[in-house]
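A, B, ... follow the sequence lines: proteins, then strands. Residue 1 opens every chain. None of the values given here were measured: they were computed from a predicted structure.
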Amino acid sequence: MERKIRVLVAKPGLDGHDRGAKVIARALRDAGMEVIYTGLRQTPEQIVTAAIQEDVDAIGLSCLSGAHNHLFPRVVELLKEHNAEDILVFGGGVIPDADIPGLKAAGIKEIFTPGTSTQDVIAFLEAHVRR
Amino acid sequence: MSPKDDLPQIRDARVNWEEGTLQKVLSRFPERKPEFKTPSGTEVKRVYTPEDVAELDYNRDLGFPGLYPFTRGVQPTMYRGRFWTMRQYAGFATAEESNERYKYLLAQGQTGLSVAFDLPTQIGYDSDHSLAAGEVGKVGVAIDSLADMEILFDGIPLDKVSTSMTINAPAAVLLAMYMGVAEKQGVPFHKLNGTIQNDILKEYVARGTYIFPPAPSMRLITNIFEFCSQHVPEWNTISISGYHIREAGSTAAQEIAFTLSNGIAYVQAAVDAGLNVDDFAPRLSFFFNSHLDFFEEIAKFRAARRLWARIMKERFGAKKDKSLMLRFHTQTGGSTLTAQQPDNNIVRVALQALAAVLGGTQSLHTNSRDEALALPTEESVRIALRTQQIIAYESGVADTIDPLAGSYYVESLTNSLEKQAEEYIAKIDELGGAVKAIENGYMQREIQDAAYEYQRAIEKQERIVVGVNRFQIDEEPPKGLLQVDPAVGELQKKKLAVLRQSRDNIAVATVLDELEQVAKGNDNLMPVILKAVKSYATLGEICDRMRRVFGEYVAQDLL
């Protein structure tokens, strides 16, 4: 039997807007994935530790405070330091188009901006998670 | 003949119409959908008649403006006397840059200030704290000490403006800083006019900038109520907020119910601490969202006013009219803005602002078209402010009070929302009150369910979002968005380093020790916080001492 996709949905930094993160988490779960939600105010270190402990396939980062350029690449860096770069990282939030190429170059596989359908996120994970 | 005597004839006429004229058309042209509902799930009928408001008693349920139960408005003349306060929430980067934006907004005819603080400030961390990295100056202005606050209000006379500050967990500290600036300007405290949000319960539910656990947080709030009633009598000591509850995905009925339940908890806490309800209740204020459904929002504001007046009178025995009045600020719904075709947001905001005015708001923030993309530019903020000015000066809607009263639909919706909200409040009472209902995750779960349903409705095309799931176009990425200089963090750190060297550090340490002692006891914390602020102790230092005594709140995250 095919293993279920495991995803950590995380809120890095101090941002308290968690509506999007929770909607995504629930949609992924309804699509048959196993989802762990970290809650608010997680440091990149805490997120990476949780991801490794929980043996997830992907990490979804949500940030609406404008701190994404600082926080998202740090998660990828730490994954590399822990030899866990096979964990796919994607993100979402209020993220200007101009910042997206830089984030992708830093190893964030995809960025989803306001108005995204949860179906697109599900399709993305099903296509990109290696199983 | 009284209107009620007409009801049988109206019913007969309706039945004739339904079976005749209507049926003929329906059989050939079915309606757009099988059922119509407001976003809160209230069924919307084809047409409303006097039958739908048969129970309405004018004097009991509506009354006159400025009179109980205040359904028609809190002032006897409303906007015929003075327009609502036009108050744009603003703040970013450093105190210097935000000060410039405030002066610009005042020059453009804005009539009150509204300060947005960055997240480290809202959570009580100095800009040089490790958790502040990347967040300094991003969603608001960075304020570390009285020195920053002096710059923020430089050249703005505090006896001439009213200032609203979106600050919650450390509200006491920022209020003390504002008082510190007033003292330097020679403005007596009794002339200070403004609001601190100071609503910790909705932070646990929906907004996330909490620091301390509920019990000490409620003590801080009660301390502020008591202190201000004696020393800063014109200050609105709390802005009990449904805005963020709605933004997190609640329905309109939940927005009223959870907000008023939180309000009940604050009033109860203050009464339990020995305060007289009529001493502090006149300074309670509220903050609501103006969302998409035009009539439901108007009805929501009217229902909230009536329900709060009844609660204050019946549950708390408040006597003063001012204790019964629900005065509120409104912001248009941020989560209704789209990143796609952002200019369309100007129209959404205009409709939402109009609903707030027709609902009798005391002050209003209109969102800017580019806020789903970034912080707004000066040009976008100007259009948002002009939207309010067009409603005020050109549309004529402000010339008579509560113009939609008596509309069969609006009155029926008002009744229905009030009833739905009362049912939620009864449920929360059963759970042991708002604090318990938050600690066990009840409010959060209700909101999450509603948010998920809303998203599913969009994805199933049951709910159309123009430009997002219909009427899309290919667009170029928007240009000219506001960018906060990443150097702000470094700049703010340098300012802090200078401050820590130049102030009297022995005096600071002494007052911080005193603060810790007061926190351990039962005395009012405001006087010692004011003393600490004036010694240039930083926000982070003050909050750290309270963290040591009070501990920190740990959220239970349920999916």
Side-chain angles (χ1 to χ4, degrees), chain A residues 7 9-30 34-46 62-74 92-101 112-122, chain B residues 92 118-120 122-123 125 130-139 203 206-210 244 247-249 334-335 337-340 371-375 444 447-449 451-452 454-456 458-459 465 467-469 472 476-479 481-484 486 489 554-559:
Chain A
V7 186
V9 173
K11 285 289 301 176
L14 302 180
D15 178 35
H17 296 90
D18 58 1
R19 175 180 182 167
K22 286 174 169 170
V23 166
I24 293 286
R26 233 158 125 165
L28 297 181
R29 203 168 61 184
D30 282 0
E34 288 175 348
V35 182
I36 301 124
Y37 172 56
T38 61
L40 300 181
R41 292 196 212 167
Q42 301 294 304
T43 61
E45 287 76 8
Q46 289 170 318
S62 161
C63 179
L64 285 75
S65 74
H68 49 271
N69 286 336
H70 177 81
L71 296 163
F72 289 9
R74 182 78 189 127
V94 178
I95 294 170
D97 286 301
D99 292 352
I100 294 175
F112 297 100
T113 51
T116 298
S117 165
T118 57
Q119 297 308 311
D120 293 345
V121 182
I122 293 163
Chain B
F92 59 99
D118 70 359
L119 285 167
Q122 293 188 51
I123 303 174
Y125 294 124
S130 64
L131 292 175
E135 309 271 14
V136 176
K138 285 282 162 58
V139 303
E203 295 297 326
R207 193 169 173 276
T209 70
Y210 42 74
H244 318 89
E247 285 295 290
S335 60
L337 301 175
T338 63
Q340 296 74 15
E371 288 185 61
L373 301 157
L375 287 185
Q444 296 91 315
I447 295 168
Q448 280 167 40
D449 288 347
Y452 194 51
Y454 191 90
Q455 179 64 25
R456 281 162 58 99
I458 291 171
E459 294 185 7
V465 185
V468 175
N469 63 359
Q472 301 97 322
E476 289 290 305
K479 293 193 181 69
L481 298 177
L482 184 96
Q483 279 198 311
V484 176
V554 183
Q556 281 196 37
D557 276 294
L558 310 154
L559 267 189

Shortest non-hydrogen pair, Glu135(B) vs Asp15(A), comes out as OE2-N, 4.1 Å
Flag the one option from Ser65(A), Gly16(A), Pro114(A), Gly39(A) with the top tally of heavy-atom pairs under 4.5 Å to chain B. Ser65(A)
What are the two closest non-hydrogen atoms of Ala374(B) and Val94(A), and how far apart are they? N-CG1, 4.0 Å
Heavy-atom cut-off 4.5 Å, strictly under: side chain, backbone, both or neither for Gln122(B) against chain A? neither
Taking all heavy atoms of Arg19(A) and all of Ala451(B), pick out the closest pair and write down the distance. NE-CB, 3.9 Å
Ranking Leu373(B), Val468(B), Thr209(B) by heavy-atom pairs under 4.5 Å to chain A gives rank one to Leu373(B)
With chain A as the partner, which of Ala248(B), Gly208(B), Ala339(B) has the greatest number of non-hydrogen pairs under 4.5 Å? Ala248(B)
Quick one: what part of Tyr210(B) sits under 4.5 Å from any heavy atom of chain A, side chain, backbone, both or neither? both
Contact origin within Ala133(B) toward chain A - heavy atom pairs under 4.5 Å: both
What part of Ser130(B) gets within 4.5 angstrom of chain A, counting heavy atoms only: side chain, backbone, both, or neither? neither
Measuring heavy-atom distances to chain B, does Thr113(A) have an atom under 4.5 Å in its side chain, in its backbone, in both, or in neither? neither
Could you walk me through whether Gln483(B) and Asp99(A) pass the side-chain contact (heavy atoms from CB on, under 4.5 Å) test, one step at a time? CA-CA 11 Å; Gln483(B) 279 198 311; Asp99(A) 292 352; 4.3 Å; yes
What part of Pro486(B) is in contact with chain A, defined as an atom under 4.5 angstrom from a non-hydrogen atom: side chain, backbone, both or neither? neither
Region of Ala98(A) in contact with chain B, defined by heavy-atom distances below 4.5 Å: neither
Evaluation steps, side-chain contact (heavy atoms from CB on, under 4.5 Å), between Asp449(B) and Arg26(A): CA-CA 10 Å; Asp449(B) 288 347; Arg26(A) 233 158 125 165; 2.8 Å; yes
Do Leu131(B) and Arg41(A) make a side-chain contact, defined as non-hydrogen atoms from C-beta onward lying under 4.5 Å apart? no
Given the options Gly20(A), Ala67(A), Gly93(A), Gly115(A), which has more heavy-atom pairs under 4.5 Å with chain B than any of the others? Ala67(A)
Is Gln556(B) atom CD crowded by more than 12 heavy atoms from other residues, nucleotides or ligands, each under 6.0 Å away? no
dist Asn69(A):CG -> Lys138(B):NZ (nearest 0.5 Å) comes out at 7.0 Å
For chain B, which candidate among His17(A), Lys11(A), Arg29(A) shows the most heavy-atom pairs at distances under 4.5 Å? Arg29(A)
Nearest-0.5 Å distance, CG of residue Leu40(A) to CZ of residue Arg207(B): 12.0 Å
Side chain, backbone, both or neither of Leu14(A) within contact of chain B (heavy atoms, under 4.5 Å): both
Only one of Thr118(A), Asp30(A), Val23(A) forms a side-chain contact (heavy atoms from CB on, under 4.5 Å) with Arg456(B), so which one is it? Asp30(A)
Structural part of Asp120(A) lying under 4.5 Å from a heavy atom of chain B: neither
Could you tell me whether a side-chain N or O of Gln455(B) sits under 3.5 Å from a main-chain N or O of Ser117(A), the two making a donor and an acceptor? no
